[in-house]
Amino acid sequence: MILVSPHGVFSLVSIRQVDRYLYHMRLSDDVLLDVMARFQAEMVKGLGRDTNSTATVKMLPTFVRSLPDGSEKGDFLAVDLGGSQFRALEVKVFNDGKQSSQLESKFYPTPKEVIQGSGTELFNYVADCLLDFMESKNLQHKKLPLGFTFSFPCKQTKLEEGALLAWTKHFKVRGVQGTDVVSSLRKALQKHKDIDVDVLAMVNDTVGTMMTCGYDDPHCEVGLIIGTGTNACYMEEMRHIDLVEGDEGRMCINTEWGAFGDDGALDDLRTEFDRELDLGSLNPGKQLFEKMISSLYLGELVRLILLKMTKEGLLFNGKVSTALLTKDKIEMKHVCAMEKYKEGLSNTKEILTELNLFPSEEDCIAVQHVCTIVSFRSANLCAAALAAILTRLRENKKVLRLRTTVGIDGGLYKTHPQYPKRLHKVVRRLVPNCDVRFLLSQSGSAKGAAMVTAVAYRLAAQRKQIDAVLAPFLLSLDTLREVKNKMRAELEYGLKRETQASATVKMLPTYVCGTPDGTESGKFLALDLGGTNFRVLLVKIRSGRRRSVQMYNKIFAIPLEIMQGTGEELFDHIVQCIADFLEYMGIKGARLPLGFTFSFPCRQASIDKGTLVGWTKGFKATDCEGEDVVDMLREAIRRRNEFDLDIVAVVNDTVGTMMTCGYEDPNCEIGLIAGTGSNVCYMEDMKNIEIVEGNEGKMCINTEWGGFGDNGCIDNIRTKYDIQVDEGSLNAGKQRYEKMTSGMYLGEIVRQILIDLTKQGLLFRGQISESLRKRGIFETKFLSQIESDRLALLQVRRILQQLGLDSTCEDSIIVKEVCGAVSRRAAQLCGAGLAAIVEKKRENRGVEHLQITVGVDGTLYKLHPHFSRVLQETVRELAPQCDVTFMLSEDGSGKGAALITAVAKRLHNIGRK
């Protein structure tokens, strides 16, 4: 860094003499980058729970979680305590589309006896001043929320609660340190019975500055004070703040950077003048960084330098005046005036003469040079610490280039003629990958307290609205028990001959009368139709000691025009896929036994006869409902006339899931699918199945529980969003339970809620984007991604951006909450239904305590981060006498179909014998 006097080159002797004293104050960019790295390390230390106690930069959580978004409105009071004057304000915020506000304030002195007296005296004085202000504005009869700017280090536990850590800025009030200052202010206000004020928020002046500027510029996420004191705050990711519970969103951190270096970290940069100044201060050894930067100390630093130079005969002919010997005689206002280069040396000469120093022109030039170096060092150090904060913001956001705004306040920044330019220039040099706008706070930090209060008011109102929207998704244990009992009643209706026709839970017999016993072997084909893809598999089963299952498969797409075309076209397409697979495997001539996984509701008359009850999952092929799907497949094979197959069994994917797990665990007698669709099957005692002849043994019942509630029995828990999703579906009025629990519909429920919240102005700035209007845009896989605990909000925002939804951090939190409410309800409802099944199994066996395994498949269960846990918790709560093991199925719809075919063949052979 080169400093050149505006008066041209003065004698080399003078330059050498000044620079000899101030060499250590002239900091290179390498030194500043090193300071920046040291400060970054202190920030990390301050944020850590285990390291915070030893950190000098305390990184205090402020519980300010949101910046103004322009929708704030109302009348607010603010009081500002922290400098040479105390201020009371009334702030009116208008939601008129222009983000306008109106501010009226009154200043009061802070007498020495108050700022160095007792805590009671201080807060009584603040309350008296506020009363005077309210009376002058005729506000004493209004109930108004108040924001309290308290510009001293505090440990906050809530937005409206904070204990003073230490006084700074010449304040030495007794009995306040370690106590809640908001509580003290409230007590003082309560003495005035004629005013009704609600203290909603306490903020630091730095936070107030950020919030004031944040109201005018939404990019503002850093606050900086450079005045009597110095400090910075910024919006930190919650996941990095160990001192506060929760990982969602952001919170403003008050760095309290004035104490940086109190542990000796800056000792190599501190000069003899810094040490002398510190020893003569009210708090030796503390706030060392602040003493190198803030306007409270820079004038005194200049005095100490001039005193030593004069004593050594380098200035003022060696004559030491009383002024140079008097502490704080040179103030920051003198330094600012002397650095007004445009006015030449006249200011410098006038100030020095007033101090009885009688300078020569060379003295004036040298003194001006001293002032420049001292104030330039202040700007440099401030820039290095600010650059560390900007770098952290950029890294948090994971962007190559950061665009942000720094809100600034403070006398040094506002009144010093060169300071702003120097600070901006050095910051941009240290962090070239940050585009920084510096915005001067026009209304001071007190307006910021009002803005924090206004934001808190807005968030409280929004919270109320969001809670009201999501309340119907929060199901109590009693409600879930009611669902379980209703499901149990519907299971019984479906099993009885006289009620089966009108039952919503159809309880379809599958004619699968056994589970694998380990003796199954041979080669089997399996077909799997149940979604937008169709699979053909060759499954080789070996029995005995080397028991194993080998599978070979190929996946084929089913185009939408086939899904919703004619039945003949659909089955011709399936047979075409089978032909391709047989050709691919080289087994076209073999007549292999085949199991057909057909994952739609079927009424079976035998294991190889299945009549389609109705399409689900977006299928709408004509001329299929009421027809035997096995006959339709056989007809299509005959039409092709290329190969023949032995179709042994038509099975549901749920039954296949149970059989796959039953092959590994003989205790598995229930199958659950929680994926695109939702369904359960279980082994029922034949004596309870009235619609099938015979009382011996067991048979697997495919419940087709997705239709539960189609008779209106669960209408009390259906929300308006469920009704909207149902009405817009291909099968309105049907599969109501499935539409509340399955992956095919959860994303659509979320979309409907997001639209409603946006209409209420609670999301996406009240703007419903074109993409949000598109049905099906919000796929259930996005729920799983958004709800992942490992996913930062930044990544949630990216997912939303992929969907064309431009979200803020706050939007992302709300979207995540909506996804959580919808998926949690789905898992609980699924758990309530399953509890009904396991309780029925327990009663069937006539045991006090049941041990049973449930085989599970489906992407919702497997991929969603919380679905399986919530489902299992619900089953435990609702069926406490059942010890349920959940076993993930490995390809139930493919391997399971082959196993059912193998078991059917085994049982058929036994029957023949």
Side-chain angles (χ1 to χ4, degrees), residues 510-531 533-544 546-555 592-600 602 607 648-684 698-703 834 837-838 841 852-863 868 871 884-907:
T510 65
Y511 295 87
V512 171
C513 297
T515 51
D517 66 358
T519 63
E520 294 79 13
S521 65
K523 288 183 183 178
F524 304 88
L525 276 179
L527 309 182
D528 176 15
L529 178 68
N533 289 328
F534 169 66
R535 282 191 311 156
V536 188
L537 304 94
L538 173 64
V539 182
K540 295 179 181 177
I541 302 173
R542 292 177 70 168
S543 58
R546 297 175 67 189
R547 202 173 76 148
S548 66
V549 178
Q550 282 181 299
M551 293 190 294
Y552 309 88
N553 74 83
K554 200 168 182 183
I555 298 171
L592 295 174
L594 179 143
F596 183 14
T597 300
F598 188 75
S599 304
F600 302 94
C602 280
I607 196 166
V648 173
V650 58
V651 300
N652 180 278
D653 55 346
T654 322
V655 184
T657 294
M658 182 188 76
M659 294 296 270
T660 303
C661 294
Y663 186 67
E664 306 294 334
D665 179 353
N667 208 24
C668 180
E669 291 197 356
I670 301 173
L672 167 67
I673 295 287
T676 313
S678 177
N679 196 16
V680 158
C681 70
Y682 71 103
M683 296 302 290
E684 178 59 272
K698 294 178 183 179
M699 182 184 287
C700 180
I701 289 290
N702 166 22
T703 66
L834 190 57
I837 303 272
V838 296
K841 287 289 295 178
I852 197 163
T853 298
V854 177
V856 196
D857 204 350
T859 50
L860 193 56
Y861 187 93
K862 285 180 172 178
L863 302 181
S868 58
L871 185 147
V884 183
T885 301
F886 288 83
M887 183 178 186
L888 276 178
S889 164
E890 187 192 328
D891 194 12
S893 49
K895 181 178 172 182
L899 283 165
I900 290 168
T901 306
V903 169
K905 277 288 200 188
R906 172 171 62 80
L907 294 175

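Given the structure is predicted, the values throughout are model-derived calculations rather than measurements.
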Is any side-chain heavy atom of [Y] closer than 4.5 Å to one of [X]?
| X | Y | value |
| --- | --- | --- |
| Thr703 | Ile837 | yes |
| Cys700 | Met658 | yes |
| Val854 | Val680 | no |
| Asp653 | Asp857 | no |
| Val549 | Val539 | yes |
| Val512 | Ile607 | yes |
| Phe524 | Leu592 | no |
| Asn652 | Thr510 | no |

field: Donor-acceptor contact below 3.5 Å, side chain Lys841 vs main chain Met683
entry: yes
If you take all heavy atoms of [X] and [Y], which pair is closest and at what distance?
| X | Y | value |
| --- | --- | --- |
| Cys668 | Gly855 | SG-N, 3.5 Å |
| Gly671 | Thr654 | O-CG2, 3.2 Å |
| Cys681 | Asn702 | CB-CA, 4.1 Å |
| Ser543 | Ser521 | OG-CB, 3.8 Å |

[X] side, atom [atom1]; [Y] side, atom [atom2] - distance, nearest 0.5 Å:
| X | Y | atom1 | atom2 | answer |
| --- | --- | --- | --- | --- |
| Ile541 | Thr519 | CD1 | OG1 | 10.5 Å |
| Lys895 | Cys661 | NZ | SG | 8.5 Å |
| Leu834 | Phe886 | CG | CZ | 5.0 Å |
| Leu525 | Leu594 | CG | CG | 5.5 Å |
| Ile673 | Asn679 | CD1 | CG | 7.5 Å |
| Phe534 | Thr597 | CZ | OG1 | 9.5 Å |

message: Going by salt bridge (charged side-chain N to carboxylate O under 4.0 Å, His left out), name the residues that satisfy it together with Lys540, two or more places apart in sequence or in a different chain.
response: none
Under the ring-ring contact (aromatic ring centres under 6.0 Å, His included) test, residues paired with Phe598 that sit two or more places apart: Phe596, Phe600, Trp615
- request: Please report the C-alpha distance between Asn667 and Thr885 in whole Å, then the side-chain angles of each, then the deciding distance to 0.1 Å, and finally whether the side-chain contact (heavy atoms from CB on, under 4.5 Å) criterion is met.
  value: CA-CA 9 Å; Asn667 208 24; Thr885 301; over 6 Å; no
query: Considering residues, nucleotides and ligands other than Lys554, do more than 12 of their heavy atoms fall under 6.0 Å from its NZ?
result: yes
